[in-house]
Student: 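The structure's right below; bear with me while I get my questions together.
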Amino acid sequence: MKIKALNGFKDILPEDVGIWRRVEDVVRDVLERFHFAEIRLPILEKTELFARSIGADTDIVEKEMYTFTDKQVTMRPEATASLMRAYIEHSMHAARPVQRLFTIGPMFRHERPQKGRLRQFHQLDVEVLGSSSYRLDAELMSLGSLLFAELGVSASLEINSLGCPDCRPAYRRQLLEFIGDRIGQLCSDCRRRSLTNPLRVLDCKKDGCRQQVAQAPSLIDHLCPACADHFSGVRDSLERLSVPYSVNKFMVRGLDYYVRTTFEFVTDRLGSQAAVCAGGRYDGLIEMLGGPKIPGIGFAMGLERLVLLLKSSDQTPGQAAEIDVFVAGLGERGSGYGFALVDGLRRDGLRADMDLDGKSLKSQMKQADKAGSRFVLIIGDQELAGRRAPLRDMATGEQVELALDLESISTYIKERSSGLDG
RNA sequence: GUGGGUGUAGCUCAGUUGGUCAGAGCGUCUGGUUGUGGCCCAGAAGGUCGAGGGUUCAAGUCCCUUCACUCACCCCA
């Protein structure tokens with residue numbers, strides 16, 4: 001029986017790494033423009049951290065975490081909790097009043113895999129601690145929209161407000177009353193939701209439920225004055241930044257810690273996994289985890305989903321050259337000389353390779369072609385005797401005779417290759 | 001946890017009502033006269049048809065079981 005990767009765990013093969021790097025490069029570039037600093041966090045944390053931050057009653061904590069029960073540690077299902085832990089542990093609030101941080105890495109959830117949802121998946125996690133300004137909310141959404149724009153992916157922004165501990169309970173009671181009157185018309189899932197997480201009834205996908213909740217009281221009509229002001233501030237700021245958005249009053253959050261602003265970038269090209277980026281404000285979280293009373297907001301972007309979008313958007317990157325020069329050695333002497341020459345070229349900053357298995361010249365030419373090498377240098381007994389060797393330009397087929405020494409060859413290739421530094 | 005779909009060469013897939021059905025394309029390798037890639041041509045390697053059991057003279061082809069993958073539900077980035 002062959003050993004295979006675990007269900008929901010995927011290898012990212014060399015042919016896909018290019019697109020992943022592109023995503024990561026754009027992410028880091030844009031984040032730096034927005035003055036964010038990268039932080040790298042452990043993958044394993046105390047189980048309690050997630051239970052307290054995400055919510056002990058959530059599906060994630062109840063049944064989706066990879067936990068070593070004998071050690072009470074868990075593979076992180078998301079990054080926000082870890083980042084908060086690090087922020088508190090290192091008293092980062094003392095270093096500067098507003099911390100703008102991001103991290104990229106794998107997360108683990110034991111869910112049933114499907115399109116755009118794996119058990120090990122990767123997220124970009126962006127968090128700002130120390131400001132409750134509504135402008136910050138809009139700034140993060142602008143950041144998200146710029147990320148999509150720079151990657152050439154289209155996704156639309158939806159926003160909502162979940163209120164705060166002052167206004168949500170009252171709304172929740174109203175909603176429960178509304179649902180109670182219609183409980184018979186709702187699907188079985190929604191009947192269960194009405195007990196566990198009533199807000200979730202609002203975004204049920206079933207038509208019957210949608211019709212029923214269409215007239216439901218909406219969160220954003222029942223915000224307390226402070227939350228209402230904040231929400232309208234967010235909207236004004238988005239308009240000032242010309243970031244297109246729509247209000248989705250049925251949008252809910254799965255994690256307990258969110259308050260006020262929530263937002264998602266959604267797409268219709270990922271099957272049922274519409275959200276490619278989602279986040280919101282969590283003003284009480286840091287305090288709840290034992291830190292200072294400091295507000296925060298953040299979002300997570302699903303990188304697998306982003307990669308899927310990039311692949312579907314028909315942006316063929318074209319095969320890049322893997323190496324600058326392939327050295328074709330003929331016979332034992334030619335191969336031996338070429339072996340040392342390739343090593344020298346590499347030490348000189350060029351990407352070089354050769355065949356080590358004594359293949360025919362024709363076969364070596366094919367290898368060079370397949371690798372997209374810009375040049376092929378041929379070394380056989382004639383060349384060793386004459387101290388000169390032909391260098392073939394694989395694009396044009398033209399060949400020049402070069403003096404058979406490292407410096408001449410290296411210099412010639414460097415003068416004609418692009419994308420080399422130094 | 002629940003439901004649907006699919007499992008035939010490295011990859012993408014054909015395989016009619018069970019009877020040369022073990023195939024194609026791509027990829028790989030070799031060759032198409034001495035040491036030159038792409039295109040073309042020729043040839044080769046490569047598969048216990050996911051696994052196990054059953055029906056039958058005969059099973060990728062029918063039945064059962066099982067495993068895997070996949071999409072969707074739940075939930076969620």
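Throughout, protein chains are lettered first and strands after them, A, B, ... in sequence-line order, and every chain is numbered starting at 1.
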Student: Quiz question: going by heavy-atom distance under 3.5 Å, is there a donor-acceptor pair between the base of G37(B) and the side chain of Gln367(A)?
Tutor: no

Student: Distance between the C1' atoms of C13(B) and C73(B), in whole angstroms?
Tutor: 30 Å

Student: Against His222(A), only a single residue in Phe231(A), Tyr171(A), Phe178(A) fulfils ring-ring contact (aromatic ring centres under 6.0 Å, His included); can you say which?
Tutor: Tyr171(A)

Student: Quick check: any donor-acceptor pair below 3.5 Å linking the side-chain of Lys362(A) to the base of G32(B)?
Tutor: yes

Student: Select one nucleotide: of U30(B), G37(B), G35(B), the one nearest the side-chain heavy atoms of Leu361(A).
Tutor: G35(B)

Student: Figure out the CG/P separation between Leu377(A) and U36(B), and round it to whole Å.
Tutor: 16 Å

Student: What's the closest nucleotide to the side chain of Lys359(A) if the choices are U30(B), C69(B), C71(B)?
Tutor: U30(B)

Student: Please state how far atom CD in Glu62(A) lies from atom P in C76(B), giving the value in whole angstrom units.
Tutor: 11 Å

Student: Among side-chain atoms of Gln364(A) and Asp355(A), is any donor-acceptor pair under 3.5 angstrom?
Tutor: no

Student: If we take the P atom in both G47(B) and G10(B), what is their distance in whole Å?
Tutor: 7 Å

Student: Does A42(B) pair with anything, Watson-Crick or G-U wobble, both distances under 3.5 Å, and if so, with which nucleotide?
Tutor: U30(B)

Student: Between A22(B) and G50(B), how far apart are the two P atoms, rounded to whole Å?
Tutor: 16 Å

Student: Where the side chain of Asn7(A) is defined as all heavy atoms beyond and including C-beta, which of C69(B), G37(B), A77(B) is the nearest nucleotide?
Tutor: C69(B)

Student: Could you tell me how far apart Asp381(A) (CG) and G35(B) (C1') are, to the nearest whole angstrom?
Tutor: 11 Å

Student: Using distance alone, with no hydrogens and no angle criterion, decide if Glu45(A) and Thr74(A) have a side-chain donor and acceptor under 3.5 Å apart.
Tutor: no

Student: Under a 3.5 Å cut-off for both contacts, is A72(B) paired Watson-Crick or G-U wobble with anything, and if yes, with which nucleotide?
Tutor: U2(B)

Student: Considering only atom P, compute the distance from A59(B) to C41(B) and round it to an integer number of Å.
Tutor: 39 Å

Student: Can you tell which of C76(B), U36(B), C69(B) lies closest to the side chain of Pro390(A)?
Tutor: U36(B)

Student: Nearest whole angstrom, please: distance from the C1' of A68(B) to the NZ of Lys10(A).
Tutor: 11 Å

Student: Output the rounded distance in Å from CG (Leu391(A)) to P (G37(B)).
Tutor: 16 Å

Student: Any base atoms under 4.0 Å from Met301(A), or only sugar-phosphate, or nothing? Heavy atoms, all strands.
Tutor: nothing

Student: Determine the interplanar angle of the His230(A) and Tyr134(A) rings, folded into 0 to 90°, and report it as parallel if under 30°, tilted if 30 to 60°, perpendicular if over 60°.
Tutor: perpendicular

Student: Side chain of Lys366(A) only, please: which of A77(B), U70(B), G37(B) is the nearest?
Tutor: G37(B)

Student: So what does Lys370(A) touch, heavy atoms closer than 4.0 Å: a base, only the sugar-phosphate, or nothing?
Tutor: sugar-phosphate

Student: May I ask you to check whether Ser246(A) and Glu158(A) show a side-chain donor-acceptor distance below 3.5 Å?
Tutor: no

Student: Within the structure shown, what part of the strands sits under 4.0 Å from Gly279(A) by heavy-atom distance: base, sugar-phosphate, or nothing?
Tutor: nothing

Student: Given the P atoms of G5(B) and C11(B), what is the spacing between them in whole Å?
Tutor: 24 Å

Student: What's the closest nucleotide to the Arg305(A) side chain, out of C69(B), A77(B), G31(B)?
Tutor: A77(B)

Student: Does Glu15(A) reach a base, just sugar-phosphate, or nothing at all? Heavy atoms under 4.0 Å.
Tutor: nothing

Student: State the pairing partner of G7(B); accept Watson-Crick or G-U wobble contacts with both distances under 3.5 Å, and report none otherwise.
Tutor: C67(B)

Student: Considering heavy-atom distances to RNA chain B, does Arg200(A) or Ser360(A) have its closest nucleotide positioned more toward the 5' end?
Tutor: Ser360(A)

Student: Could you check whether Phe326(A) and Phe375(A) have their ring centres less than 6.0 Å apart?
Tutor: no

Student: Confirm from the modelled atom types if Glu64(A) and G1(B) form a donor-acceptor pair under 3.5 Å, side chain to base only.
Tutor: no

Student: Tell me what Ala275(A) touches on the nucleic acid: a base, only sugar-phosphate, or nothing, going by heavy atoms under 4.0 Å.
Tutor: sugar-phosphate

Student: Any donor-acceptor pair under 3.5 Å joining the side chain of Arg112(A) to the base of C75(B)?
Tutor: no

Student: When rounded to the nearest Å, what value does the distance between C1' atoms of A68(B) and G23(B) take?
Tutor: 25 Å

Student: Does C73(B) have OP1 or OP2 sitting under 4.0 Å from an N or O in the side chain of Gln114(A)?
Tutor: yes

Student: Any strand is fair game: report the nucleotide pairing with A59(B) by Watson-Crick or G-U wobble, both distances under 3.5 Å, or none.
Tutor: none

Student: Can you tell me which nucleotide in A77(B), U28(B), G38(B) comes closest to the side chain of Gln123(A)?
Tutor: A77(B)

Student: Between Tyr282(A) and Arg260(A), is any side-chain donor less than 3.5 angstrom from a side-chain acceptor?
Tutor: no

Student: For Phe263(A) and A77(B), what is the distance between atoms CZ and P respectively, to the nearest whole Å?
Tutor: 12 Å

Student: Take Arg374(A) and Val325(A) through the test side-chain contact (heavy atoms from CB on, under 4.5 Å) and record every step on the way to the result.
Tutor: CA-CA 6 Å; Arg374(A) 174 84 196 277; Val325(A) 57; over 6 Å; no

Student: Answer yes when Arg40(A) and Glu38(A) have at least one side-chain N-carboxylate O distance shorter than 4.0 Å, and no when they do not.
Tutor: yes

Student: Would you indicate which nucleotide in C75(B), A77(B), U28(B) comes nearest to any side-chain atom of Asp59(A)?
Tutor: C75(B)

Student: Has Ser272(A) got a side-chain N or O lying under 4.0 Å from the OP1 or OP2 atom of C73(B)?
Tutor: yes

Student: In whole Å, what is the span from the CD atom of Gln399(A) to the P atom of U36(B)?
Tutor: 10 Å

Student: Considering only atom P, compute the distance from U17(B) to A9(B) and round it to an integer number of Å.
Tutor: 22 Å

Student: Contact class for Arg192(A) vs. all strands (heavy atom < 4.0 Å): base, sugar-phosphate, or nothing?
Tutor: sugar-phosphate

Student: Taking the C1' atom in each of G15(B) and C21(B), what is the distance between them to the nearest angstrom?
Tutor: 6 Å

Student: Starting from the 5' end of RNA chain B, give me the residue, Phe121(A) or Ala5(A), whose nearest nucleotide shows up first.
Tutor: Ala5(A)

Student: Between G27(B), A77(B), U36(B), spot the one nearest the side chain of Arg117(A), thanks.
Tutor: A77(B)

Student: Rounded to whole angstroms, how far apart are CG on Leu118(A) and C1' on C71(B)?
Tutor: 13 Å

Student: Is the base of G38(B) syn or anti, where syn means the angle lies within 90° of 0?
Tutor: anti

